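Questions regarding the structure given below will be posed in turn.
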Amino acid sequence: MSAPLLVAEGLYRRFGETVALVDAALRIDEGEVVAVLGSSGSGKSTLLHCLAGIVRPDRGRIVFDGQDLVTMSDARRSALRRDAFGFVFQFGQLVPELTCLENVALPLRLARVPRRAAEQRAGQWLERLEVTEVAGKRPGEVSGGQGQRVAVARALVTRPRVIFADEPTGALDSLNGERVMRLLTEAARDTGAAVVLVTHEARVAAYSDREVVVRDGRTRNLEVAA
Amino acid sequence: MIGRGAVADLVMGARMAVTGGREGWTRALLTAVGVGIGVAMLLLATAVPGALDARQARGDARDDLRMGERVAAGPGTLLVHPVDIEFRGRPVRGRLVRPEGPAAPVPPGLTALPGPGEVVVSPALRRLLDSPAGPLFAPRLGGARVTGTIADEGLAGPHELAYYLGDDRLTDTSGATRLDRFGGGLPGEGLGPVLMLLVAVIFVVLLLPIAVFLGSAVRYGGERRDRRLAALRLVGADTTMVRRIAAGEAAAGALLGVAVGIGFLLAGRQLVPLVTLYDISVYASDIRPPTALLLAVVLAVPALAVLVAMLALRAVVVEPLGVTRRGTPVRRRLWWRLLLPAAGLAVLLPVAGLRDGDGGVTRWLVPAGAVLLLIGTVTLLPWLTDLLVRRLRGGPVPWQLAVRRVQLDSATSARLVNGIAVAVAGTIGLQMLFAGVAGDFTTASGQDTSRAQAQVQFRDQPDLARVLRQLGGAEGVTAATGTLSTGANVGSPDGPPVEIRVGDCAALAEFARLDRCADGDTFLVSDPGDPVAVPAGAMLTVEDGSRWRVPTTARTAQARPDPAGWLQNGVLVTPGAVGTRTLGPLRSTVYLRLDPAAPDAVEHVRNATAAIDLTTPVSVLSPTIESPKFADIRRGLAIGTVVTLVLIATSMLVGTLEQLRERRRLLAMLVAVGTRRSTLGWSVLWQTALPVGVGLVLAVGFGLGLGAALLRMVQAPVSIAWPVVGFSVGLGALTVLAVTGLSLPLLWRLTRADGLRTE
Amino acid sequence: MCIVLRMSIGQTFLGLLEATPRHGYDIKRRYDEHFGHARPVAYGQVYATLSRLLRGGLVEVEAVEPGEGPDRKRYAITEAGVTDVAQWLARPEQPEPYLQSVLYTKVVLALLTGRQAAELLDVQRAEHLRLMRDLTRRKRDGDLAEQLICDHALFHLEADLRWLELTTARLDELAAQVRR
């Protein structure tokens, strides 16, 4: 068996008095969709933030592709997030001033891709996520489902190796939620990207290959005895 | 009619202005401080004329100048001799006094006249005498004993240097004035129409940005308030109630601000006596805004706040589930925005020839025109911002973020920089006017400071050798030349006036180009602009009526301006050619060279002069003379502009910080997806710089327009003062940098990863 | 519901006995208190079940008191009985509608016997999710009719899981009540 893409072990993290993670662990292989389940306040979002190199754990080890994220400098982690990771959040992630097309092109532009090329690739992803019609609109002018598909396009546009999705359907109705999940997982499988999917909804988690439960900051990795 | 429900709504709004946790308090505090600063400035401005009036009134009460009116000596008269000298650049008001009877008038602020050898000094002078610098001034009091202090009512301000010195040698023939009372003299020289114009426009230029600032200060926390109102709608408030609650909230915040402002003024007033601005100091009690204006401010500011809040509410629809902007951004119409500046120009342009008339109507027209023109920048700015920014696209990511942000909400951006635009436009206009009319107020004195730096003229002092010895020996004096002189008329006492000047060859060389000179020589010189022929051998009638014949050996020499810049018709005589006794009373004129490394040299000269005669002033030569009033106004404007810009920068900073706080989640998200913080920092810079840039473009345009109109009005040639434009643009750039720099810490803090958690 | 009940009544009795040996009437009283809300179990059912368990070697008669009637016997759980309860609790139920009663019974018993009830819920959730994944996959590949059928099942399963989550979150409260 090949080395896992992303491994986290023994993660501890507290915010002031609040203990968010206690000896949490997780591994993700390439192309795998892993659901992280837990009630609100269980620490699942913190786990995602740690895995993505947004939050540095107090203790523990996170290895992505042979590099330890915990000891990595902030600049290196930023670069990693730009180049190797993609993100989809529940809401508030699109820059309200930019058009949808520009929003999707943003990660490429941050990675110094020229504007024209970046917007061309962004356009292809909008098409792929069936939201071509909103390219010139601002996020405030599109529906929640469209906005979320734009966000997925943005997460995928850099062809990341891991996509971190934090309650990506949290603000959507079931039909739109299902559509976003279908497009997200299909696109991830096609590009070979792994997906870390934080959710509290079983129907969303059902799009995963495997789930990890977080309770009170601890992970329970239940391999189903099939 | 306002029912009980309406009052309850207002009260509820008022409570909301100050409650709401730390955020609520911060917002209330910002509003109060912002409004408070504005109110304090307004009140201070309204108090300035009163303060100057009070000062003027005290000045009038002690006036002792009499023009032409003769008073006969009696038991109720006093001889006064003014001694207006300087100490280290500060004016000193000195008076030698000698009562001629028991009922002699006592000047205000004194309980009794000082006797011979006694002196009564102002508190500031007493402090000076007690300070280490005291010995440098003391000789000018002729060794008199300090017997008292001048009370406040006898002084123009707390920092005035003044004294009354008893001198029993004063006579009415030695230049002293005889008084039977103090005060009642001629009113002081007022400001001319051009200066009045300047002062009026300065007030406009300084107060308008403050009004703009007030307008934005009462809107601090607008977005959050909208959200709160939406929550109120959700629990059942109708639109009318929401309006009343918003009104109550705005009024309460503004009232708090007014209270803070009055507090600022009262506190600031106590500091006022510590400050001497342009040799003017005033007492704290002088700063008293007129009650009517105070009331007006107290009422107008909350009213303005309510008005602004209502206008802001008009643009949005507050619904239970949130606030939506009304409709899509409208295409801004140009015509009405042009109305104001056009009206301003229409008012300003026909006004010409101000210099001659007394300007009764124009005194109001000009500031009104300036106000219209400057408000025009406020109305045009959003349109221009729109126009310039609408077509922008592309560029690096930070630029793109900033441009898009400004495109989306150009009104907010424009509102932030309104104040800057007005202040800069006004400053440019005024400074242009200054540069244009500076020629009127700054004159070349013709004085030649390379030959001498100080001049002392004794009105009756024939012992030149002693004078030269004493002055030349003063500390810091490197050279001294002196001449004796008297006036004379050619032929009869009614003949053309000439000057007879007696001195050695070196001293005479300051007045004419002498090819060769030896004791016993006489030279005839004339002013080429106003020649008076004095032939050799002519008979001259001297001032005291005695007569003196010009030696026949006198030669003609070319006149040369003396170091003080004067050319004279006359006769230059070496001591060997004249017996001084035949020329009557003689004045002595001394030119001194001072050591540039000894800054107090002139003070030593003044002391040496006082040792000879207490009333003789020392003139410091300077190549130009600037009207002191003009200089004051100019400096006042510079200080006012900087203070105004600091105010505006503060309000921009508050706006930017608030905007950042509102976008904290988005910022955290951008960092999460790997955006460099520098990218965000640059976008904040551009986002500030872009509207400021547009504002400056407009401000420069309008400022030049205003300046040209003002210059035309005073009939001065129109020229663009590029240094002023550069200065203003520099100030704008500085503002941008300061605002960006000060908002970076918050940006860094907000983009820490925890930002994603808060929701 | 009663069918489901009958299927697990034996294990329920075992669970009740695991805490302490009891008389038949005590078992009935406890059962009715915790699980019999709508429909108390009949005495006949109690003794039939106990004799079945006795036959299976899962319980034994610990003591017989003098006198008349069936209530003289005090039953205790055997080693085999404890193992049977443990296996039953650890085994996820086949996800299907109206599963709550069984799951609830399991949770209460787990708490009564000092076992990890949270563990039980996690296992059950994993089982639910496995089925939901299958349904999601079928839905993706199927036509609209198939999708609608799958969705129906998915929503029911999700409801079960939600209930599970809620129960998990309130385990402490439940434990306090059950052990009273």
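On a predicted model such as this, the values are computed, not experimentally measured, just so you know. Quick note on labels: first sequence line is chain A, next is B, and so on, each numbered from 1.
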Should we count CD of Glu127(A) as having more than 12 external heavy atoms under 6.0 Å?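 Open.
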
Verify side chain to side chain contact (heavy atoms under 4.5 Å, CB included) between Met132(C) and Tyr207(A), making sure each step is shown before the conclusion. CA-CA 9 Å; Met132(C) 288 177 78; Tyr207(A) 281 87; over 6 Å; no

Got a second to check how far Glu201(A)'s CD is from Arg162(C)'s CZ, nearest 0.5 Å?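 If we round to the nearest 0.5 Å, Glu201(A):CD and Arg162(C):CZ are 6.5 Å apart.
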
May I ask you to check whether over 12 heavy atoms, not counting those of Arg128(A), lie within 6.0 Å of atom CZ?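 Counting other residues, nucleotides and ligands, CZ of Arg128(A) exceeds 12 neighbours.
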
Which atoms of Thr185(A) are under 4.5 Å from chain C, going by heavy atoms: the side chain, the backbone, both sets, or neither?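 The side chain, not the backbone.
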
Surrounding CD of Glu186(A) (heavy atoms of other residues, nucleotides or ligands, distance under 6.0 Å), is the total greater than 12?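 Yes, enclosed.
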
Could you check Lys139(C) against Glu178(A) for salt bridge (Lys or Arg N to Asp or Glu O under 4.0 Å), going step by step and ending with a plain yes or no? CA-CA 11 Å; Lys139(C) 196 171 82 172; Glu178(A) 300 265 348; 2.6 Å; yes

How about Arg182(A): does its CZ atom have over 12 heavy atoms from other parts shown lying under 6.0 Å from it?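 Yes, because the 6.0 Å sphere around CZ of Arg182(A) holds more than 12 heavy atoms from other groups.
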
Does atom CZ of Arg59(A) have more than 12 heavy-atom neighbours from other groups under 6.0 Å away?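 For Arg59(A), atom CZ is not crowded (no more than 12 foreign heavy atoms under 6.0 Å).
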
So which of Leu161(C), Asp134(C), Thr136(C) has the biggest tally of heavy-atom pairs under 4.5 Å with chain A?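 Maximum pair count with chain A is reached by Thr136(C).
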
Answer yes or no: does atom CG of Asp23(A) have more than 12 heavy-atom neighbours from other residues, nucleotides or ligands under 6.0 Å?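 It does: Asp23(A) CG has more than 12 such atoms within range.
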
Backbone of Ser208(A) reached by a side-chain donor or acceptor of Arg133(C) within 3.5 Å: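 Here the side-chain-to-backbone pair exists.
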
Would you say that Arg203(A) contacts Asp151(C) through its side chain, given a criterion of any heavy-atom pair below 4.5 Å between the two side chains?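 Result no, sub-4.5 Å side-chain heavy-atom pair not found.
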
Ala202(A) to Leu129(C) - nearest heavy-atom pair and separation: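 Closest heavy-atom pair between Ala202(A) and Leu129(C): O-CD2, 3.8 Å.
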
